[in-house]
Amino acid sequence: MKLDRFIRVALAAVIALGFIIATGALLFISESALNVWDRLRAGPPAILYAYVALMALLAVAAVWLAFKLLVKKKVAPERKSTPLSKSDIKQRLREAEAVGVDTSDAQAELQGLAARQASGAIHLCFFGEISAGKSSLIKALVPKADVVVDVVGGSTDDVRHYRWRNDTGTEILLTDVPGTGGHEDGLDDIATEEAKRAHLVLFVCDSDLTRAELNAIKLLLAFDKPIILVLNKADRYTADEQATLLQQLLQRIDALGGDIHRDHVVAVSAGGETEIVERLADGSEGITRRERAADIGVLVVAINRLLDEDTKPLDVRRERAVFQIAAEKLEAAEGEYRLQRSEQIIRSATRKAVVGAMAAVSPGTDILVQGYIGTTMTQELCRVYGAAPRDLDVEEFLSMGQSRVGRALPLSMAVAGNGLKAFPGLGTVVGGLAHAVAYGLIFDALGRSLVLTLARHGELVPKMAVKEFEEGISEHLEASVRRVAKMALDEKSD
Ligand SMILES: Nc1nc2c(ncn2[C@@H]2O[C@H](COP(=O)(O)OP(=O)(O)OP(=O)(O)O)[C@@H](O)[C@H]2O)c(=O)[nH]1
Ligand SMILES: [Mg+2]
């Protein structure tokens, strides 16, 4: 073919020209290098050394710059979970507050801790599955207290504290919490959170531990909570059965990696109430409630023994656990804040993309305008997630994204067209608008994919963000089309 031959000749000419230029440049450089070298050798040695040193310095600087520019930063290792100190958590709260995060939940946690520390009382929390006998145990310890006990599970639906003074006169607060595993939403969380705030958890069960109970214990151990495991309703078991059960319980905790002392696994009977059906004098049946005899001596001994020791370590462990709760609450609030902020940023970028596409006079202009919008959106989203991306990464993300836009556009146009049909009375206007909506949708999807990867990795990883964009695009388009179509219509009518 003629054209093919022409291209070959042109290429050969370019290669020949390149060869001539390269040879010339090599000759020129060698000549001047030798020239400089001769002159330096003829001159004083100090100048020679200074010159060589300067050249070496320039070479090192060039290599360092190239390295910074080209070599990727490693993904940051996960933060190690060393116990938080008071100043750590306060510092984090201050920083979050300065950004605008709602820190009130985390602050309330710290205030609650301060109030408890000021009172000086030891907090013991009775925790366990529904109907295990937590309230009954408290009633057995503080008979005068007005504790609600019932055969029907879920009798305790809030957190209550009861004052108890042991033999040595230590001021103790017994906390009754809702049983876990019930049907009411949120009660498990309330109970677990309260258990984490206590100095000591009395984990109440009435048989071998279920998977859910083991998970709860695991969670408490992760918060370094001291635990006394209380096997309640021992009256239902023979002495041998009790011994076997206690052994099993010890082994289970061992298997979890928990360090629990033999003395801290006890079998008791809280007593509780029993309902007896009686035939009354008139021949009808009536139900009377009788209290069962309680046998909780071993539990009292275990508690006393623990509190006889120095309680300072218990204070330290409680404080750390509450700091951890506060940190988790702060993280949740930060997550919420990030979602809200990124939603604002994405919406604003989408709106700009729509406006840009509607104002585009000649083909291609819109892409240019949106290159700028894309850069700003990417940088702002990264900032919200505490990532400081290099310009190179932002560019890489956008250019990789741009190459996918070509493929995504027809789909986006189709979704946009469909979405606009939902607004009645638009008629023929739809065609023009669909283009703008399609561009807006692509920005929306790009932003959302970026947020997903930022939330997962904490930094901009262009390849992953683009993969997310490719994989999630149709879902994102469908989810946002109504909103973006409305946005475009609002802009049009303004
Ligand atoms: N046999 C026997 N039954 C008991 C014992 N302790 C409590 N019960 C019974 O177990 C049932 C539940 O007791 P509660 O003290 O209300 O249990 P709870 O763990 O506070 O229950 P929720 O607050 O609903 O989670 C009641 O019917 C009690 O009478 C015991 O030692 N032996
Ligand atoms: Mg109860």
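In listed order, ligands and their atoms are each counted from 1. Note that the structure is a prediction, hence the values are computed from the model and not measured. Basis for what follows: all heavy atoms, side chains included, without hydrogens, waters or symmetry-related copies.
- Inclusion of D176 in the set of residues having an N or O under 3.5 Å from an N or O of ligand 1 is not warranted.
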Discussion item. Go through it in stages, so that I can follow the logic: the residues are L202 and L137, the test is side-chain contact (heavy atoms from CB on, under 4.5 Å), and I'd like the CA-CA distance, side-chain angles, deciding distance and then a yes or no.
Written reply: CA-CA 10 Å; L202 296 120; L137 278 166; over 6 Å; no
Pairs of donor and acceptor atoms involving the side chains of residues 308-316, under 3.5 Å and at least two apart or interchain, shall be tabulated with distances.
| from | atom 1 | to | atom 2 | distance (Å) |
| --- | --- | --- | --- | --- |
| D310 | OD1 | K312 | N | 3.1 |
| D315 | OD1 | H199 | NE2 | 2.8 |

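- Annotation: cation-pi pair R197/F223 absent, no NZ/CZ under 6.0 Å from the ring centroid and within 45° of its normal.
- Residue contacts with ligand 1: N232 is placed with a nitrogen or oxygen under 3.5 Å of a nitrogen or oxygen of the ligand (distance criterion only).
- Checking S131 against the Mg ion (ligand 2), every N/O/S atom stays at or beyond the 2.8 Å cut-off.
- Taking each of A132, S131, A293, G128 in turn, the one with a heavy atom nearest to atom 21 (O) of ligand 1 proves to be S131.
- Checking only distances, A270 does come within under 3.5 Å of ligand 1, N or O to N or O.
- The distance from ligand 1 to the heavy atoms of D235 drops below 4.0 Å at these ligand atoms: 1 (N), 2 (C), 30 (C), 31 (O), 32 (N).
- Of all the heavy atoms of R292, the ones lying under 4.0 Å from any atom of ligand 1 belong exclusively to the side chain.
- For V268, no nitrogen or oxygen atom sits less than 3.5 Å from a nitrogen or oxygen atom of ligand 1, counting backbone and side chain alike.
- Considering backbone and side-chain atoms together, G271 places an N or O closer than 3.5 Å to an N or O of ligand 1.
- Considering only heavy atoms from C-beta on, E109 comes within 4.5 Å of V322 through its side chain.
- Numbered from 1 in the order shown, with element, the atoms of ligand 1 that lie under 4.0 Å from a heavy atom of I130 read 24 (O), 25 (O).
- At least one N/O-N/O distance between G179 and ligand 1 falls below 3.5 Å.
- Using a 4.0 Å cut-off between a side-chain N of Lys or Arg and a carboxylate O of Asp or Glu, E193 and K225 do not qualify as a salt bridge.
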Worksheet item: Would D444 and R347 satisfy salt bridge (charged side-chain N to carboxylate O under 4.0 Å, His left out), going step by step from the backbone distance to the final call?
Response: CA-CA 7 Å; D444 189 86; R347 280 185 191 213; over 6 Å; no
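- Around CZ of R236, the count of heavy atoms belonging to other residues, nucleotides or ligands within 6.0 Å exceeds 12.
- Summarising the local packing, CE of M400 is surrounded by more than 12 heavy atoms from other residues, nucleotides or ligands at distances under 6.0 Å.
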